[in-house]
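Naming: A, B, ... by sequence-line order, numbering from 1 per chain. Heavy-atom basis, side chains included; hydrogens, waters and symmetry copies ignored.
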Protein chains: 2
Amino acid sequence: MTDLSAAGAGDRARAVSVKDVAAEAGVSVGTVSNVLNRPEKVSTSTREHVLAVIDELGFVRNDAARQLRAGSNHAVGMVVLDVRNPFFTDVARGVEERLAEHRRPLILGNSGQDADREQMLLDLFEEQRVSGLLVSPVGGVLPRLRRLRDRGTAVVAVDRRLDSSEFSSVAVDDRLGGRIAVQHLLDQGRRRIAFVGGPRGLTQVEHRYEGAAAAVADTDGATLRLVVTGIMDAAAGRHGAEDLLADDGDRPDAIFAANDLVALGVLQALTLAGVSVPDEIAIIGYDDIDFAASAAIPLSSVRQPREQLGAVAADLLMATIEDPTRAAEDVVLEPSLVVRRSTQP
Amino acid sequence: MTDLSAAGAGDRARAVSVKDVAAEAGVSVGTVSNVLNRPEKVSTSTREHVLAVIDELGFVRNDAARQLRAGSNHAVGMVVLDVRNPFFTDVARGVEERLAEHRRPLILGNSGQDADREQMLLDLFEEQRVSGLLVSPVGGVLPRLRRLRDRGTAVVAVDRRLDSSEFSSVAVDDRLGGRIAVQHLLDQGRRRIAFVGGPRGLTQVEHRYEGAAAAVADTDGATLRLVVTGIMDAAAGRHGAEDLLADDGDRPDAIFAANDLVALGVLQALTLAGVSVPDEIAIIGYDDIDFAASAAIPLSSVRQPREQLGAVAADLLMATIEDPTRAAEDVVLEPSLVVRRSTQP
DNA sequence: CTGAAAGCGCTTACAG
DNA sequence: CTGAAAGCGCTTACAG
């Protein structure tokens with residue numbers, strides 16, 4: 001139609017810019033920008049004409065340029081502990097859905113519970129000047145988060161609170177969750193409890209352990225044994241269970257796995273070793289991921305309201321983006337017990 | 001140390017820019033940029049001094065500005081069919097790991113098998129001028145992908161090939177996979193096969209069905225029945241199985257579920273209805289996600305080499321980014337049969 | 001309602 | 001080896 005299109009397919013044409021649109025439409029670039037950003041400022045006829053040209057030329061706004069002027073990216077970054085764990089992807093989906101209502105894209109990064117990868121992702125998000133950041137911190141990132149905040153990025157901690165009252169957080173009460181899980185095992189008459197989870201230093205896990213210990217302390221004759229794992233996946237559960245079985249002087253009669261992936265691994269190892277679940281050893285997991293219900297022996301678990309966790313996190317983040325001076329707030333959600341066959345014949 | 005730092009914590013300070021670094025270090029902004037991008041062009045002493053200042057001031061490069069000059073983002077975008085399906089997150093992890101070797105971040109978007117959301121994500125990635133894009137297309141996005149390519153974005157299709165030889169792709173042979181699955185059921189003596197999957201139009205699923213139909217056509221007395229679902233999750237499987245059971249005139253003796261999530265749902269519904277698996281009805285799934293092995297009845301499945309799928313996709317993408325004129329290439333990987341208890345007593 | 005101009009924070013030839 | 005200057009593609013007051 002115009003000479004511009006002669007550059008056409010084949011050779012990697014320079015992208016169409018506002019300038020091209022303006023030239024073709026016979027208006028100034030400012031007007032093109034206004035059509036895009038404040039359409040009410042432009043007369044109907046100009047607007048429609050410009051829109052038609054945009055469509056004809058296949059113009060797509062360059063977000064980098066826009067951001068550079070606007071000062072910040074409208075995307076939100078999220079650092080997730082483990083993308084392969086359905087619990088986290090469910091939380092992320094809760095976030096994503098809420099953010100979609102504000103037309104803000106979510107950029108997901110996976111720390112894999114590794115402090116170095118977490119750093120790299122924070123670098124990336126800082127370079128990108130994301131407007132908001134959701135983290136489940138692994139390493140000591142407080143100074144880092146402060147710098148991000150000072151630079152104008154809203155920060156909200158997900159799934160644990162920070163050791164500081166400067167940032168909002170949403171978390172589930174893990175001490176209560178740990179207590180609920182073990183209290184249930186004790187109520188079933190179990191006394192020799194083993195806790196399988198890790199790694200050491202991961203707050204969520206430590207709290208679950210503390211809750212477990214509190215429940216055990218309240219019960220005569222009950223004992224709690226700790227098996228520390230690395231990243232909590234099924235393999236960690238298998239190894240943990242094998243360790244417990246190898247040492248057969250004092251076999252537990254119940255295992256509390258710090259998440260469902262570990263519980264599933266424990267279940268596999270016990271089944272393979274011919275140990276009957278729950279008769280000889282009961283198992284309870286944590287998170288209540290969808291797969292818990294369809295496990296070989298349906299798994300009892302402590303349910304975390306994961307979609308709600310995501311939604312509340314997104315809400316807090318949006319509120320902080322809109323008002324950076326907003327007071328920090330720690331939201332604590334409650335876990336609940338889900339009983340299935342792995343703890344109850 | 002300098003007056004700049006007086007702006008300090010508390011008020012949202014303007015971000016430290018190259019200009020600030022240059023001023024503090026007593027060099028020009030060009031030199032600061034060179035320290036960052038071509039350190040070999042700068043003398044050791046200047047470099048070290050500038051680096052020290054960068055550290056002291058907490059300078060972090062603004063990626064938007066950098067991108068604007070460079071013309072494209074070094075990040076890679078990926079549109080995934082369903083983040084809640086472990087198959088896709090495993091593929092994504094394969095991609096992520098390979099990309100990490102090139103220090104390129106992966107931005108994940110979730111289409112949820114919805115053509116509109118797919119469009120939105122492509123808009124986003126186009127605005128961001130990502131250097132590469134990995135898609136498992138849902139809608140008719142060919143013109144869109146062409147435009148992205150003409151704009152300089154490398155595009156590779158994942159998990160299916162495009163109806164065009166212009167773009168590279170990596171996929172697993174789904175016809176073969178469908179055939180393998182159903183041939184296995186036939187070999188076990190099953191004859192009344194039901195296929196549960198969907199939605200209609202999703203290439204992967206159609207191919208699996210075609211493979212299934214081919215196997216059935218080769219066998220005397222075998223029949224194949226189709227139950228179409230929407231998004232393939234456990235709920236879809238439950239509903240599909242309920243439909244099959246309701247119509248008890250002609251109950252199948254085997255079900256081929258087009259993915260493991262659906263298979264797990266089918267298994268739940270059958271168990272709930274008191275149907276014995278595999279005696280009365282055998283079940284085989286597709287993907288061989290980790291959870292297949294730990295299901296209530298361990299699930300037979302067709303294994304797709306998912307990490308390899310991700311790695312090959314990342315390699316093709318990197319090659320295309322480095323050489324945009326590179327000829328398109330369709331890589332086809334082979335699926336394999338994994339037999340467990342759900343098809344074999 | 002529309003246009004001309006400045007400027008966001010970088011990188012990149014080009015001189016020196 | 002270093003500096004001065006142009007320019008990437010937008011948005012945003014400011015005039016008119």
Side-chain angles (χ1 to χ4, degrees), chain A residues 4 12-51 53-54 57-74 123 126-131 151-152, chain B residues 4 12-51 53-54 57-74 123 126-131 151-152:
Chain A
L4 277 173
R12 273 171 74 196
R14 210 186 94 269
V16 178
S17 75
V18 272
K19 215 185 290 180
D20 302 319
V21 174
E24 173 69 9
V27 298
S28 75
V29 295
T31 299
V32 175
S33 178
N34 281 334
V35 168
L36 258 20
N37 300 301
R38 320 133 120 193
E40 73 284 359
K41 300 252 168 208
V42 182
S43 74
T44 315
S45 63
T46 323
R47 192 194 321 143
E48 280 170 0
H49 180 221
V50 170
L51 252 15
V53 171
I54 284 177
L57 261 36
F59 167 73
V60 174
R61 196 209 270 102
N62 181 328
D63 200 52
R66 179 196 209 179
Q67 249 173 251
L68 181 55
R69 274 264 34 179
S72 104
N73 194 328
H74 67 300
D123 284 344
E126 192 165 359
E127 288 181 1
Q128 301 208 144
R129 305 288 194 264
V130 292
S131 49
R151 186 163 265 147
Chain B
L4 277 174
R12 273 170 76 197
R14 210 184 94 272
V16 178
S17 75
V18 274
K19 215 186 290 181
D20 302 319
V21 174
E24 172 70 9
V27 299
S28 74
V29 295
T31 298
V32 175
S33 177
N34 281 335
V35 168
L36 256 22
N37 300 301
R38 319 133 120 195
E40 71 285 358
K41 301 252 166 206
V42 182
S43 73
T44 315
S45 63
T46 321
R47 193 192 323 142
E48 279 169 1
H49 178 221
V50 170
L51 251 15
V53 171
I54 283 176
L57 261 37
F59 166 73
V60 174
R61 200 210 267 102
N62 181 329
D63 199 51
R66 179 197 209 178
Q67 249 173 249
L68 182 55
R69 274 264 34 178
S72 102
N73 194 327
H74 67 300
D123 284 346
E126 193 165 358
E127 288 182 0
Q128 301 209 144
R129 305 290 193 264
V130 292
S131 49
R151 186 163 266 147

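One interatomic measurement links the two molecules: CD of Q67(B) to P of dT12(C), which rounds to 13 Å at whole-angstrom precision. If you measure from atom NZ of K41(B) to atom P of dC14(C), you get 13 Å, rounded to the nearest angstrom. Separating the CD atom of Q128(B) from the C1' atom of dC10(D) is a distance of 15 Å, rounded to the nearest angstrom. As a whole-Å value, the separation of R38(A) CZ from dC10(D) P is 16 Å. Distance N73(A) CG to dC8(C) P: 19 Å, rounded to the nearest Å. Protein atom CG of L36(A) is 6 Å distant from nucleotide atom P of dT11(D), rounded to whole Å. For the pair E126(B) CD and dG9(D) C1', the computed distance is 15 Å after rounding to whole Å. The CG-C1' distance, from N34(B) to dG3(D), rounds to 10 Å in whole Å.
Listed nucleotides: dC10(D), dG3(C), dG9(C). Nearest to the side chain of F59(A): dC10(D). For R66(B), counting side-chain heavy atoms from C-beta on, the closest listed nucleotide (dT2(C), dC10(D), dC10(C)) is dC10(C). When distances run from any side-chain atom of V27(B) to the nucleotides dT12(D), dG3(D), dC10(C), the shortest one goes to dG3(D). The side chain of S33(A) has dT12(D) as its nearest neighbour among dG3(D), dT12(D), dT11(C). For R61(B), counting side-chain heavy atoms from C-beta on, the closest listed nucleotide (dA4(D), dC10(C), dC10(D)) is dC10(C). With dG9(C), dT11(C), dT12(D) as the choices, the nucleotide that has an atom nearest any side-chain atom of L68(A) turns out to be dG9(C). Comparing atom distances between the S17(A) side chain and each of dA5(D), dC1(C), dG9(D) picks out dG9(D) as nearest.
Along DNA chain D, the nucleotide nearest to R69(A) and the one nearest to R47(B) differ in position, and the one closer to the 5' end is contacted by R47(B). Comparing V29(A) and V42(A), the nucleotide of DNA chain C nearest to each residue sits closer to the 5' end for V42(A).
Nucleotide dG16(D) forms a Watson-Crick or G-U wobble pair with dC1(C), both donor-acceptor distances falling under 3.5 Å.
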Discussion item. The test is side-chain contact (heavy atoms from CB on, under 4.5 Å); show your working for E48(A) and T44(A) and say whether it passes.
Written reply: CA-CA 6 Å; E48(A) 280 170 0; T44(A) 315; 3.7 Å; yes
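S28(B) has no side-chain polar atom (N or O) that falls below the 4.0 Å cut-off from OP1 or OP2 of dT2(D). At dT11(D), one or more side-chain N or O atoms of N37(A) fall inside 4.0 Å of OP1 or OP2 (strictly under the cut-off). The side chain of T31(B) contributes no N or O atom lying less than 4.0 Å from OP1 or OP2 of dC1(D).
For the pair I54(B)/L36(B), a side-chain contact is recorded, criterion being any heavy-atom separation below 4.5 Å from C-beta on. A 4.5 Å side-chain heavy-atom check between N37(B) and R61(B) finds at least one atom pair inside the cut-off. Proximity of L68(B) to N62(A): side-chain heavy atoms (C-beta onward) are separated by under 4.5 Å at one or more points. Counting heavy atoms from C-beta on, the side chains of V16(A) and V21(A) come closer than 4.5 Å. Contact annotation: the side chain of R47(A) never approaches that of N34(A) to less than 4.5 Å [non-hydrogen atoms, C-beta and beyond].
Here S43(A) lies in heavy-atom contact (under 4.0 Å) with sugar-phosphate atoms only. Looking at heavy-atom distances under 4.0 Å, D63(B) makes no contact with the nucleic acid at all.
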